[in-house]
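FYI, side chains are in, hydrogens and waters are out, and symmetry mates aren't considered; it's all heavy atoms of this structure. Every number for a ligand or one of its atoms is a count from 1 in the order of the listing.
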Amino acid sequence: MMRSDLFIDGKWISTAKREPIYDPSDHSIITEVAVAGDNEIDQAINAAAKALPTFSKTAPRVRAEILRKAFEIMIAEADDLARLVSRENGKVFSDARGEIIYAAEFFRWFSEEAVRVNGEFRHSPSGDKRILVTHQPVGVSLLITPWNFPAAMATRKIGPAIAAGCTVIVKPAMETPLTTLAITDILQRAGLPDGVVNVITPTPAGPAVSRILADPRVKNLSFTGSTQVGKLLLKQASERVIRTSMELGGNAPFIVLDDANIDEAVAGAMLAKLRNGGAACTAANRFYVSKEVAKSFTEKLTDAMSKVKMGPGLSEGAQLGASVSIKERDKIAELVDNSVKQGGKVALGGAKPAGPGAFYPPTVLTVAADNAILKEEIFGPVAVIVTVDSDEEAIRLANDTEYGLISYVYSGALDRAIRVAEAIESGMVAINRGVISDPAAPFGGYKESGLGREGGFDGIHEFLEKKYIGVTI
Ligand code: NAP
């Protein structure tokens, strides 16, 4: 059964006002989702605040078991969930299924972390007291997620929140709310107490989010989305100095050094560029390729991209689906058109296809290092290649951005690759790999790509306050 109502205090709540959710591959309406007004927003805050005192004291093992059960249900129902992701987001089934497995793994990882929150007991250097450090749930948290990974961005926040003993209000992106509602249904079936997770779908987002952030009972904001909206929310969070975790935009460089194995670099580039149709904060955006191998890399990547089959996400054999909306697709087309006007050369693709779906074809551009497209997050299947003369030039250009989420380096020599990795200003570096996202590793960025880390050992601490207790003994 497809959930399309709000979820507040353990109940599914319908509203008179509803908003259509579209399948971007043909612009048909999948369903209409309930729109939360001020009344429902307040109910969600009330429910989260009411559930907090009991839930924050629930045994970690109990919280862990709920997450573990939710993980198991997600895996058992992975195909159905993947079909839903594919329909509302446009990505192909294999990408959607991969996302569901990745998303479920956050529930498993945080089920394991819930029972492993360590404190400290130390002697003070002067010997006059003992230093005790403990952790407590931060409290009611607002979780805001984007449309590009509707399952994984939700579980990457809900998992640690539950593990830590927090209660939450989730606001998914309005293009893709159905996946979050389906995951919430799973959490309910896994035995989550009422009021712990509340899901609201208001539109427009701005006033609703401001209302929640202004409520003194809300103590924490965990946001994944664009840097532009993240900056706006940081300002609002500063009003009450609430805790924030910000997973923002990226503009990943993909560096290929002259000693790289070119076939492996192309295989990695295909993953880093085309996973999720390029609509990933981790997507390789700018390819900086050593002059010795630039021709061969460009030819082989163009050849591999030209074989990619584009089509509706659930159609047989499709490898590249639609963008989430016509608006998003047109942004990609505009970036490419402007790049070409500035002298960018099209090696493949570069034109919108006709038809009702939000499709954009695999595209390869070769450009000069000052082409404007290199400054933007493309969020589509467009590989932009720049030839570089040296490792130093590759590093300098890679760092020439306000973003710093992830980078990719291909080299035949590990010491050389690590030297480059250490010089790049980004929170994550993939060496000779096209994907490194892992629930067990810290995910997050430098510079304007964000604040804080999700997943790994850090993720649960986004939902915990640290408390020091000093005592004379
Ligand atoms: P977005 O436009 O910033 O939206 C993200 C979320 O914020 C949505 O739920 C949206 O709600 C909400 N929102 C929009 N305007 C708001 C406002 N004024 N006040 C409060 N909330 C507001 O981003 P997106 O287009 O969905 O996602 C793409 C971006 O997310 C890219 O920049 C990508 O790099 C980034 N991202 C980062 C990570 C990471 O981990 N670093 C992961 C995935 C994506 P509505 O949908 O209702 O407008």
Side-chain angles (χ1 to χ4, degrees), residues 19 21-22 33 35-36 41 88-89 91 99 102-103 106 142-157 169-180 199-214 221-237 244-252 275-285 323-325 327-329 331-332 376-380 401-406 426-428 436-439 441-456 458-459 462:
E19 186 77 8
I21 305 301
Y22 295 96
V33 80
V35 174
I41 291 169
E88 68 172 348
N89 170 279
K91 69 180 77 175
E99 182 189 345
Y102 176 52
F106 282 105
L142 171 60
L143 317 182
I144 304 178
T145 57
W147 51 260
N148 63 339
F149 288 98
M153 298 303 95
T155 58
R156 200 167 75 177
K157 297 183 189 303
I169 300 148
V170 188
K171 198 223 84 63
M174 209 51 186
E175 286 98 340
T176 56
L178 304 175
T179 304
T180 306
V199 185
I200 52 159
T201 43
T203 188
V209 168
S210 300
R211 188 177 182 89
I212 300 171
L213 292 177
L221 165 65
S222 176
F223 173 78
T224 298
S226 62
T227 295
Q228 191 192 1
V229 174
K231 286 181 181 178
L232 211 87
L233 295 178
L234 276 170
K235 279 195 192 128
Q236 290 184 40
T244 57
S245 155
M246 293 277 151
E247 296 291 344
L248 308 178
N251 183 358
R275 192 171 70 107
N276 227 36
C281 51
T282 51
N285 225 36
S323 182
V324 75
S325 64
K327 191 171 133 224
E328 283 297 321
R329 189 276 306 270
K331 271 196 221 165
I332 302 166
E376 306 287 337
E377 189 176 24
I378 302 170
F379 246 54
T401 168
E402 68 273 27
Y403 295 108
L405 188 63
I406 187 168
S426 71
M428 301 175 280
I436 55 163
S437 298
D438 189 321
F443 188 106
Y446 285 16
K447 303 198 282 190
E448 293 191 14
S449 285
L451 296 168
R453 294 291 179 274
E454 292 191 329
D458 304 68
E462 302 287 341

S.K.: Using side-chain contact (heavy atoms from CB on, under 4.5 Å) as the criterion, list what pairs up with Asn251, not counting sequence neighbours.
M.R.: Asn285, Arg286, Thr401, Tyr403

S.K.: To the nearest 0.5 angstrom, please state how far the CD atom of Gln228 sits from the CD atom of Glu377.
M.R.: 11.5 Å

S.K.: What residues form a salt bridge (charged side-chain N to carboxylate O under 4.0 Å, His left out) with Lys171, not counting sequence neighbours?
M.R.: none

S.K.: With a 4.0 Å cut-off on N to O distance, would you call Lys331 and Glu376 a salt bridge?
M.R.: no

S.K.: With sequence neighbours excluded, give me every side chain to side chain donor-acceptor pair (under 3.5 Å) pair touching residues 143-152.
M.R.: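 Checked against side chain to side chain donor-acceptor pair (under 3.5 Å) - neighbours excluded - no pair reaches residues 143-152.
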
S.K.: With a 4.0 Å heavy-atom cut-off, what residues sit around ligand 1?
M.R.: Ile144, Thr145, Pro146, Trp147, Asn148, Met153, Arg156, Lys171, Pro172, Ala173, Met174, Glu175, Ala205, Gly206, Val209, Phe223, Thr224, Gly225, Ser226, Val229, Leu232, Leu233, Glu247, Leu248, Gly249, Gly250, Cys281, Glu377, Phe379, Leu405, Phe443

S.K.: Would you call Glu247 and Cys281 a side-chain contact if the rule is heavy atoms closer than 4.5 Å?
M.R.: no

